[in-house]
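Right, one structure below, let's go through it.
Below, each value reflects all heavy atoms present in this structure, side chains not excepted, and no hydrogens, waters or symmetry copies. The sequence lines fix the lettering, A, B, ..., with proteins before strands; numbering per chain opens at 1.
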There are 2 protein chains.
Amino acid sequence: MAHETSKDAITEDEIAGTAPTASSSASPARNAFSALMAPKRKAAPPSPKPAKKKYNKDMRDGLDDYILHPETYSSSRVIYYGSAFVAINDLYPKSSVHTLLLPRTEHKDMHPFDAFDDPAFLAAVREQVKKLRHIVGKELQSRYGPYSKQDIPREKVLNGEVEPAEDGVLPVGRDWDKEVMAGIHAHPSMNHLHVHVLSVDRYSECLKHRKHYNSFATEFFVPIEDFPLAKDDERRHGHDLKQDMKCWRCGMNFGNKFAKLKEHLAEEFKEWRKE
Amino acid sequence: MAHETSKDAITEDEIAGTAPTASSSASPARNAFSALMAPKRKAAPPSPKPAKKKYNKDMRDGLDDYILHPETYSSSRVIYYGSAFVAINDLYPKSSVHTLLLPRTEHKDMHPFDAFDDPAFLAAVREQVKKLRHIVGKELQSRYGPYSKQDIPREKVLNGEVEPAEDGVLPVGRDWDKEVMAGIHAHPSMNHLHVHVLSVDRYSECLKHRKHYNSFATEFFVPIEDFPLAKDDERRHGHDLKQDMKCWRCGMNFGNKFAKLKEHLAEEFKEWRKE
DNA sequence: GAATCATAAC
DNA sequence: GAATCATAAC
């Protein structure tokens, strides 16, 4: 079950939570002002490069190719893979770091509520989640450590401002793994079973409307720790993604004011980094 | 006509092209993970602070208060003001730096096409535009000089890597004023006459749909240099904000693919900075 | 799922 | 003008 190929590289760009695909064609530098209104260049490329995408007849099968051909993806997309699991960066991250754990085994097509009734499978997933959580945690430390109060002693050693300990071990610093949440959606949008493993910030350009937010900020999101789910657990059925939006960090209620929430999340993100 | 009060400060936050109002209430730092789903805090603030906003019965009069009471605004909003003009930072910037020049004189309620038929008024506006353009240019230099090829010699002196010249004058560097566009919309959205003075990048979170982009990237935007407008100038009438979106810098046609354009603009922004 | 478009209500 | 909501077409 374990024994995954080690390919942990997460590149800045892909995981940045900015634009999904960066089809970068460095355009010839022209004087911006002279080109202002009507670019006089003769043959401008007629349309944006089609983002090289795999064809799926059902959009709900968008994750299938990752478990079928994980080796065909860049290390910025597929974080690691093994015989039983593939870990990827979400194509449309809803937090600044947002990964998915995809099982390659027979449980993959089941609803997670049912799949996690199998204790062996659940145990295997938990092990992978722990691993992936740590990868995400290290990424957070790498990005936000320089802003973190708890990481100051560690950063000082890293910066050479303070001598390392005799044993060469860095100060531990902030427990970034604790800033990572892992779970599944009560009503998954993709057929293939996927566990979301993401930073708690919910700070991303790809988070664009209420359902995006609430699917990671209400009971719609079921933490992996809560499985196996009781038969009468309410989350097996009802879910209301149209409910008021509330800040994950301070609880402030934004009603249906998504734009206001987004502003607020940017502020909370900066405060959160500082902890 | 001239002789404006000098209040040129443009603060990072306000002009950043990010969120409009930053109502920052530093929330008590809680453990993010423990607070994940259901903040247990007793009395969470019930709703976001209403952004202290002046009431206007007609939304098209949103600029009036700036000329009536420019002194009541922070220096991050009102850049400078005098007896005849007020310069402000646009509340919803469509470029990384986006300012507005507002006349306080009798021409203020006319359509700019007509107002600029008055040579004296046009001359006064031109003078102000030149001033404001330079303020914007200096802001661009301050922000993006460190990324600019043409500004390398200047930056090296600023960084102390190279000795200043004997006369103490910095290398001139990039002509950032040339990266600023100034003009008016063929069909202004606000009643009060306003001249847009903005960086050419059109890189801003507030740029959210096709009409936003095209209103600053087609003939809908009439440069101040083009006035007075000929009686038969086509721009006096037709305008099509629904036309295909084309990159201001390389001319690439994005059709109606706004999301793709946005990605591209982010790339072009970085290339543009480097010039 | 993403994304474009049209439409109220402010 | 901004912003929420609903709705095709992919």
Side-chain angles (χ1 to χ4, degrees), chain A residues 19-21 48 50-51 53-66 88 90-94 98 100 102 184-185 187-194 196 204-216 220 241-245 254-264, chain B residues 19-21 48 50-51 53-66 88 90-94 98 100 102 184-194 196 204-216 220 241-245 254-263:
Chain A
T21 25
K53 71 160 69 160
K54 315 275 165 93
Y55 179 71
N56 277 108
K57 63 174 123 186
D58 188 344
M59 58 199 173
R60 297 177 70 89
D61 293 330
L63 297 175
D64 286 3
D65 200 61
Y66 295 115
I88 67 172
D90 194 292
L91 196 51
Y92 298 97
K94 303 304 188 296
H98 184 176
L100 299 178
L102 313 174
I184 53 98
H185 282 156
H187 182 68
S189 60
M190 296 285 174
N191 289 327
H192 194 107
L193 196 158
H194 53 289
H196 297 274
S204 166
E205 284 190 9
C206 293
L207 196 143
K208 293 180 174 180
H209 53 69
R210 189 206 308 233
K211 284 182 185 177
H212 283 160
Y213 182 74
N214 277 346
S215 70
F216 290 99
F220 191 83
L241 290 177
K242 285 192 184 173
Q243 65 188 272
D244 285 0
M245 291 170 282
F254 287 81
N256 68 343
K257 306 301 179 194
F258 181 77
K260 287 281 188 297
L261 170 72
K262 283 284 285 186
E263 274 182 61
H264 180 79
Chain B
T21 25
K53 71 160 71 160
K54 315 274 164 97
Y55 179 71
N56 278 107
K57 63 176 124 188
D58 188 344
M59 58 199 172
R60 296 177 71 87
D61 293 329
L63 297 175
D64 286 3
D65 200 60
Y66 295 115
I88 66 172
D90 195 294
L91 196 51
Y92 298 97
K94 303 304 187 298
H98 184 175
L100 298 178
L102 313 174
I184 54 97
H185 281 156
H187 183 68
S189 60
M190 295 286 175
N191 289 327
H192 195 108
L193 196 158
H194 53 289
H196 297 273
S204 166
E205 284 188 12
C206 293
L207 196 141
K208 292 182 175 178
H209 53 67
R210 189 206 308 231
K211 285 182 184 176
H212 283 159
Y213 183 72
N214 277 347
S215 71
F216 289 99
F220 190 83
L241 289 177
K242 285 192 183 171
Q243 65 188 274
D244 286 1
M245 290 169 283
F254 286 81
N256 68 344
K257 306 300 180 196
F258 181 78
K260 287 281 189 297
L261 170 72
K262 283 283 285 188
E263 275 182 63

Tyr92(A) vs His212(A), test: ring-ring contact (aromatic ring centres under 6.0 Å, His included). Steps then yes/no.
CA-CA 10 Å; Tyr92(A) 298 97; His212(A) 283 160; 8.7 Å; no
Taking only Watson-Crick and G-U wobble pairs with both distances under 3.5 Å, what dot-bracket line describes DNA chain D, where [ ] shows pairs that cross earlier ones and | shows pairs with another strand?
|........|
Protein-nucleotide distance (Asp61(B), atom CG; dC10(C), atom C1'), rounded to Å:
15 Å
Given dA3(D), dT4(C), dA2(C), which nucleotide is nearest the side-chain atoms of Tyr92(A)?
dA2(C)
I need the CG-P distance between Asn256(B) and dA6(C), as an integer number of Å.
11 Å
Report the distance from atom OG of Ser215(A) to atom NZ of Lys94(A), rounding to the nearest 0.5 Å.
7.0 Å
In whole angstroms, how far is the P atom of dC5(D) from the CG atom of Leu261(A)?
12 Å
Straight-line distance of Leu207(A) CG to Leu261(A) CG, nearest 0.5 Å
7.5 Å
Identify whether any heavy atom of Lys94(B) sits under 4.0 Å from a base atom; if not, whether one sits that close to sugar-phosphate; answer base, sugar-phosphate or nothing.
sugar-phosphate
Whole-Å distance separating the NE2 atom of His209(B) from the P atom of dA3(D)
9 Å
What nucleic acid atoms does Lys242(A) come within less than 4.0 Å of, heavy atoms only: base, sugar-phosphate, or nothing?
sugar-phosphate
Where the side chain of Lys262(A) meets the backbone of Lys208(A), is there a donor-acceptor pair that is under 3.5 Å apart?
no
Determine the contact category for Arg210(B): base if any of its heavy atoms lies under 4.0 Å from a base atom, sugar-phosphate if only primed atoms, P, OP1 or OP2 are that close, otherwise nothing.
sugar-phosphate
In whole angstroms, the gap separating C1' of dA2(D) from CE of Met59(B) amounts to 10 Å
Parallel, tilted or perpendicular: ring planes of Phe216(A) versus His196(A), cut at 30 and 60 degrees
perpendicular
Rounded to the nearest angstrom, tell me the gap between atom NE2 in His212(B) and atom C1' in dA2(D).
7 Å
Provide, to the nearest angstrom, the distance between the CG atom belonging to Asp244(A) and the P atom belonging to dC5(D).
10 Å
Atom pair CG/CG of Asp90(B) and Leu63(B) - distance to nearest 0.5 Å:
8.0 Å
Distance check needed: dA3(D) P versus Lys211(B) NZ, whole Å only.
16 Å
How about Tyr66(B) and His192(B): are their ring centres within less than 6.0 Å of each other?
no
With under 30° as parallel and over 60° as perpendicular, where do the rings of Phe220(A) and His185(A) fit, or are they tilted in between?
tilted
Polar-atom pairs under 3.5 Å, protein N or O versus N or O of nucleotides 7-9 of chain D: list them with distances, or write none.
none

To the nearest 0.5 Å, tell me how far Asn214(A) CG sits from Lys242(A) NZ.
12.0 Å
